[in-house]
Amino acid sequence: MSDWERSSTVRVVPPARARRLAKVPFVELADGRLQGVVSSGSDIERVYVSSVEAAGFTFACSTNNNRPCGGARGYFCNHIRALIGEAVLQYGVERVARYMRVDLPDGEPGVIELHGAMSAARPAQGDRAAAAPVFSRFLRHLAYLELAPTTAPLPEMQWFPPTRGVA
Amino acid sequence: MMRADLLADPVDGLDEALAAVAAFDEVLVGGLLRPQPAQAAGLAGLAAAVAGTPLAAKVAEAAEKAVAGAADEDHFVALAAARSALLGSVHDALTDRVQQAAGRTPGEWTAPAPAAQQPAGVLAAARSWLADLARCGWRGIDHDVVSGAAQVVGAMLPDPALRRQAALLDGFAAELAASCPGSALERVPARRWADLWSRGMLLTLPGATAAAPAGTATGRLLPLGVDLHEHATAVQAQVHGVFEPADGGTPLLVRASVSAPKPDTVVGAGLWQLLRPHMSLLAAVSEGRSMDLVGMPVTAEGDLLWSDAYARQGEAADAFSTARVALPTAAGGPTAPLDRHPARIAVPVFLEGYTAETGDEGLVFALAGQRLAVDTDRIPAAGPLTPEAVAASVACIGLLRWDAGSFLVQPLAVETTVRKKPVAVQAGAWAGGTADKAGVKAEKAATDAAAVLRERAGRLLRK
Ligand SMILES: [Zn+2]
């Protein structure tokens, strides 16, 4: 066993990088998708629920009221573009590319190369089935804010040290 | 003065215990659906290692069933208990060594009264999920099995009595989810995941997390520094300090903790912002003050169950004066039986007279002919302390820890010399707020992020 394998406190997942949340309050790599929520620029009550599947890049975008996004007709809409951009800010381009199973070109690829590689695969537009679970994951995410702090010690958190390394 | 030489001496029996643990950790890598011969050996080794203990019969039976691919949840609990007992003995041996090195005597453990009952249903669900993981093995995990945690954690989070279980399982599940599918992993953090799995299993037993106060504390609390813990959806700050009882009794090493669940986009200074309103002690650390406690509940382990109602601001108290004068006189608390694990060792120490050297393995303090590794990665990003400042330091308040076979020190604060004058830098200096230029910027970014999330929650959550 290497030191890494026999360490109790090795950092497996780096923390999210800080980013501005105003346009894209939620983005995650989960359920085999890059998925998240994009706030509407015009209607404060409306959000777009957007997702792109790993590997095939099948994409979907609709509102929280299950109306189809007008921009997502055969190619990535602006919401999905924003989602990809914020995912790269939050996780770093390499982690997003690895999760999405995108082969990035050599050099110093960034969000443009990532977006380009996925678009070039001519991904299909999926149905809106993913929207409801993604939106409920977003609500669950927000609900963490409402949970009361405690001053009873949590010894389990000894296994979760901070790290200065980022995603 | 710290006897660093003692930390490098071999500890009797340590390698044997850790070899049995490592072999069992490999068992969980492959999973227990269809155990292979190497896994059978690992299971037999675990049973043999606890053969002379009260666990012997239960573990032998569990190992036998597991080898046949027929282990049920109770068998998994028995295996987790055996592994935890072995690491408990490792903890005890290491702690003895630390006490000798630091010249301190450990306290005696007295069991607290059982705390409130915990709901059995959700604990059973947690156990069932962990049993599924053990069958799959880390190489066999996929999104389907990992996502089983979401419902369990969702049911636990609102109940403060289940916060320990929730924090553990939530952090563990997020890590597993980010590592799916297990079959594609280049390497597996075998010790770590087996730790989290075993601990999760034991925390599903009734009464495992009883943390009733053993008494109250009245006197002066002198902070040493802040230790921060975080995963994507939880954060905890623990202030280590020396408590001087008002009745003139022996000073004690104590901790005060505050923790909160959080969205994963709350990071950096946002962590302090989340915790700050719930423990005035964080501000005292930032301001370099002591606090006066009256009737503060405290556990047998020396954990203050903080409430601002029992504390008021005290006089100025410099952490390095505390480390030089009060720390050597302070007695350490005992460790709760379930917390006996090497990862739980975090003993406040004061070091000076070392030479900081940066080599291939990172920063080390050369001290009394020994080289003590310095875990600079544990220094919170939202704070003024940097690895560079530690490398330039002449004195250090730290937590002595042990991981992957060796002792290391986690810096909580250092003294450096600027124009021939000592300057102290605290890792947790921003915990209570800061006027530092970089700190103010980090605070602003965190405030903006939190405002967006609260606005979105207010508009969307209650529909
Ligand atoms: Zn769209």
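A, B, ... follow the sequence lines: proteins, then strands. Residue 1 opens every chain. These numbers come from the heavy atoms of this one structure, side chains and all, not from hydrogens, waters or symmetry mates.
Among the residues in residues 139-146 of chain A, those with a non-hydrogen atom closer than 4.5 angstrom to a non-hydrogen atom of chain B are A/L139, A/R140, A/H141, A/L142, A/A143, A/Y144, A/L145, A/E146. Taking 4.5 Å as the heavy-atom cut-off, the residues of residues 256-264 of chain B that approach chain A are B/S257, B/V258, B/S259, B/A260, B/P261, B/K262, B/P263, B/D264, ordered by number. Identified by a heavy-atom distance below 4.5 Å to chain B, the contributing residues of residues 46-55 of chain A are A/R46, A/V47, in residue-number order.
Looking at B/L304, only its backbone comes within 4.5 Å of chain A, counting heavy atoms on both sides. Only the side chain of B/D170 comes within less than 4.5 Å of a heavy atom in chain A; its backbone stays farther off. For B/V235, the part lying near chain A is the backbone, with the side chain staying farther off; criterion is any non-hydrogen pair under 4.5 Å. Heavy atoms closer than 4.5 Å to chain A are found nowhere in B/P160, neither backbone nor side chain. For chain A, the nearby parts of B/T386 are the backbone and the side chain; heavy atoms of each come within less than 4.5 Å. Within the 4.5 angstrom heavy-atom criterion, only side-chain atoms of B/A178, from C-beta onward, approach chain A. Neither the backbone nor the side chain of B/A445 comes within contact range of chain A, judged by heavy atoms closer than 4.5 Å. In this structure, chain A has no heavy atom under 4.5 Å from any part of B/E301. Contact annotation for A/F138: only side-chain heavy atoms (C-beta onward) come within less than 4.5 Å of a heavy atom of chain B. B/V267 touches chain A through its side chain: at least one heavy atom from C-beta onward sits under 4.5 Å away, while N, CA, C and O do not. Looking at B/S406, there are no atoms closer than 4.5 Å to chain A (heavy atoms on both sides), in backbone or side chain. Proximity to chain A is limited to the side chain of B/E455, based on heavy atoms less than 4.5 angstrom apart. For B/D227, the part lying under 4.5 angstrom from a heavy atom of chain A is the side chain only. With a 4.5 Å cut-off on non-hydrogen atoms, B/H231 touches chain A through its backbone and its side chain both.
A cation-pi contact, defined as under 6.0 Å to the ring centre and within 45° of the axis, is absent between B/R199 and A/W159. Judged by the 6.0 Å distance and 45° axis criteria, B/R192 is positioned over the aromatic ring of A/F160.
Shown here for A/A87 and A/V27, the closest heavy-atom pair between the two residues is CB-CG2, 3.7 Å. Across all non-hydrogen atoms, the minimal contact from B/H278 to A/T151 is O-CG2, 4.0 Å. Looking at every heavy atom in both residues, A/F76 comes nearest to A/S119 through CD1-OG, 3.9 Å. Across every non-hydrogen atom of B/P158 and A/L147, the tightest pair is CA-CD2, 3.9 Å. B/P189 and A/V12 make their closest contact through CG-CG2, 3.7 Å (heavy atoms, listed as atom of the first residue, atom of the second, distance).
Most heavy-atom pairs under 4.5 Å with chain B: of the set A/V37, A/D31, A/V10, A/T150, this distinction falls to A/T150. With respect to chain A, the highest number of heavy-atom pairs below 4.5 Å among B/V29, B/L18, B/D25, B/L203 belongs to B/L203. Counting heavy-atom pairs closer than 4.5 Å to chain A, the top residue among B/H143, B/Q165, B/E26, B/R163 is B/R163. When each of B/D448, B/I379, B/T376 is checked for heavy-atom pairs under 4.5 Å with chain A, B/I379 comes out on top.
For the atom pair CG (B/L282) and CZ (B/R276), the distance works out to 8.0 Å, reported to the nearest 0.5 Å. With rounding to the nearest 0.5 angstrom, the OH atom of A/Y99 is 8.5 Å from the CZ atom of A/R33. Note: B/T335 OG1 to B/H91 NE2 = 4.0 Å, rounded to the nearest 0.5 Å. Of the inter-residue distances, the one linking B/Y310 atom OH with B/S280 atom OG reads 13.5 Å to the nearest 0.5 angstrom.
Side chains of A/Q90 and B/T265: a donor-acceptor N/O pair is absent below 3.5 angstrom, by distance only. A donor-acceptor pair shorter than 3.5 Å cannot be found between the side chains of A/Q158 and B/R344. The closest side-chain donor-acceptor pair between B/D308 and B/W306 falls under 3.5 angstrom. B/E175 and B/W193 are linked by a side-chain donor-acceptor pair at a separation below 3.5 angstrom, with hydrogens and angles left out of the test.
A salt bridge does not link B/D195 with B/R191: every distance from a Lys NZ or Arg NE/NH1/NH2 to an Asp or Glu carboxylate oxygen is 4.0 Å or more. Using a cutoff of 4.0 Å between basic side-chain nitrogens and carboxylate oxygens, B/R255 and B/D303 are scored as salt-bridged. The pair A/R98-A/E94 fails the salt-bridge criterion, with no side-chain N (NZ, NE, NH1 or NH2) lying under 4.0 Å from an Asp/Glu carboxylate O. Between B/R187 and A/E5 there is no salt bridge, since no side-chain N of the basic residue sits under 4.0 Å from a carboxylate O of the acidic one.
The aromatic rings of B/W197 and B/F24 sit tilted, their planes meeting at an angle between 30° and 60°.
Residue pairs meeting the side-chain hydrogen bond (donor to acceptor under 3.5 Å, both in side chains) criterion with at least one partner in residues 124-137 of chain A, sequence neighbours excluded, are A/E28-A/R137, A/N66-A/R128.
Counting heavy atoms from C-beta outward, B/M156 and B/L169 have side chains that approach closer than 4.5 Å.
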